[in-house]
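Note that the structure is predicted; figures quoted are calculated from it, not measured. Each chain gets a letter, A, B and so on, in the order the sequences are listed, and its residues count up from 1.
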Protein chains: 2
Amino acid sequence: MAAAAHLFNQRGYDATSMRDIAREAGMLAGSMYYHFPSKDDLIIATYEEGTRLISEAVLEAINGVTDPWERLDRAAAAHMETLFGGNNFSILLCGDISRTAPALRIRLVEIRDSYDELFNSLIEALPLPDDVDPTLLRLSLLGSLNWSSSWYRPGGQTPEQIGSFFVRLLRDGLKDKS
Amino acid sequence: MAAAAHLFNQRGYDATSMRDIAREAGMLAGSMYYHFPSKDDLIIATYEEGTRLISEAVLEAINGVTDPWERLDRAAAAHMETLFGGNNFSILLCGDISRTAPALRIRLVEIRDSYDELFNSLIEALPLPDDVDPTLLRLSLLGSLNWSSSWYRPGGQTPEQIGSFFVRLLRDGLKDKS
DNA sequence: TTTTCCCCCAAACAAACGTTTATTGCAGTG
DNA sequence: CACTGCAATAAACGTTTGTTTGGGGGAAAA
């Protein structure tokens, strides 16, 4: 599964063959069918592991914190740290689900929705103006965070700083106050 | 090219075969090699057409507008409207570039960067606090906007409304002012 | 020692892939 | 009439794909 996650990240699902994964895992392609009944099942398993890991990290980060904005801030920072912290599973969540085969997509969307629910509850807890749709707010934040997988490179700001920054943007706004 | 863009959107690059595209265009697979030297070249051509169309739409939307925030608002609305307005080319820009083969990726990143530059100039024109990195701000906004391709379905708010809303979030913020 | 069970290998399968090749109407032009 | 270039067909190329099959080795249980 580690080999699969690594290659899925590097080249995507379609461009990664069972033989590629098997080679990196030190076995032959056919041997994998002892552990997983199909390639789709292997994909789903890595995707599930990714959401498990990131859910764990976020839940731990907000544990004991009570202020709603502070909770969202910690959650975003932990989200980003997990994405780029070296674990090859979680960042699969940033992959392009909408263009995979329908049968597989349905399963993956299901899994991702279960994680999004976590952010949903964090946002519902915020004291928001009446004319702000919490769902759109969540999608905006998750978009900012997850889109980072297409541009983030180590060296500049840390993932946590970036996550916190995005939350601060939403909370404080940018209109010139001078 | 229209057939290619349609199928690329529906199933992604790898899962779309030259035979699929040819069938939708009313010819045979080999016939396409008269018009495009390779599949990669066809991909690049559709991607380029997508950025051309969306650039045009955004430039026209901000034409004559002078207030910097108003310009960004119109740009975001036009961006979203073009993505979901029925043209099958522009939404390819929301695709997952980072996991395509390196040779192709380099070309696509180049093209997308040329479009991002447009938003860059819009953001540089804003009156921003000193501690806000304009680059991160642009990536946050483009993340919110482009991530919409993974969840947007017609029926709720229009694409323009969503784009404007995301800009308003950044400008005004959400901190409770009561 | 014999049996069982887990894990993997080796080889093959049909199908699908991007691409190449030779050929064919078909339009216009001198 | 002959010739030229365009745009497509039909068929095949070699390779790669996900998956299946039958078998074997080695450790643990009987």
- Message: Check this for me: E60(B), atom CD, are more than 12 non-hydrogen atoms of other residues, nucleotides or ligands nearer than 6.0 Å?
- Response: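 Count not over threshold, so no.
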- Item | Positional range of nucleotides in DNA chain C within the contact set of chain A, heavy-atom, under 4.0 Å | dC6(C) to dA12(C)
- Item | Listed partners of D41(B) passing side-chain contact (heavy atoms from CB on, under 4.5 Å), at least two apart | P37(B), S38(B)
- Those residues at least two apart in sequence (or on a different chain) that pass side-chain contact (heavy atoms from CB on, under 4.5 Å) with E117(B) are N120(B)
- Note on the structure: Nearest-nucleotide check on DNA chain C, A29(A) vs G30(B); residue mapping nearer the 5' end is A29(A)
Report, one line per pair, each donor and acceptor closer than 3.5 Å where one atom sits in a side chain of residues 147-156 of chain A; sequence neighbours left out.
{"unit_1": "S148(A)", "atom_1": "OG", "unit_2": "L145(A)", "atom_2": "O", "d": "2.5"}
{"unit_1": "S149(A)", "atom_1": "OG", "unit_2": "N146(A)", "atom_2": "O", "d": "3.2"}
{"unit_1": "S150(A)", "atom_1": "OG", "unit_2": "W147(A)", "atom_2": "O", "d": "2.9"}

Pairs involving [range], ordered by first then second residue, that meet ring-ring contact (aromatic ring centres under 6.0 Å, His included) (sequence neighbours left out):
range: residues 95-124 of chain B; result: H79(B)-Y115(B), H79(B)-F119(B), Y115(B)-F119(B)
range: residues 8-67 of chain B; result: F8(B)-Y13(B)
range: residues 125-145 of chain B; result: none

- Contacts to DNA chain C from residues 15-28 of chain A, heavy-atom cutoff under 4.0 Å, which residues? R19(A), G26(A), M27(A), L28(A)
- Query: Which residues, if any, of residues 37-44 of chain B bring a heavy atom under 4.0 Å of DNA chain C?
  - Reply: S38(B), K39(B)
- Who are the side chain to side chain donor-acceptor pair (under 3.5 Å) partners of D131(A), not counting sequence neighbours? R168(B)
- Item | Any residue meeting side chain to side chain donor-acceptor pair (under 3.5 Å) with T82(A), in chain and number order, not counting sequence neighbours |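 Residues passing side chain to side chain donor-acceptor pair (under 3.5 Å) with T82(A): none at all.
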Just list the side-chain donor-acceptor pairs under 3.5 Å for residues 18-32 of chain B, sequence neighbours left out, or say none.
{"unit_1": "D20(B)", "atom_1": "OD2", "unit_2": "S17(B)", "atom_2": "N", "d": "3.2"}
{"unit_1": "D20(B)", "atom_1": "OD2", "unit_2": "S17(B)", "atom_2": "OG", "d": "3.2"}
{"unit_1": "E24(B)", "atom_1": "OE2", "unit_2": "H6(B)", "atom_2": "ND1", "d": "2.6"}
{"unit_1": "S31(B)", "atom_1": "OG", "unit_2": "L28(B)", "atom_2": "O", "d": "3.3"}

- Rounded interatomic separation in angstrom, taking CE from M32(A) and P from dT19(D):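 In whole Å, dT19(D) P lies 11 Å from M32(A) CE.
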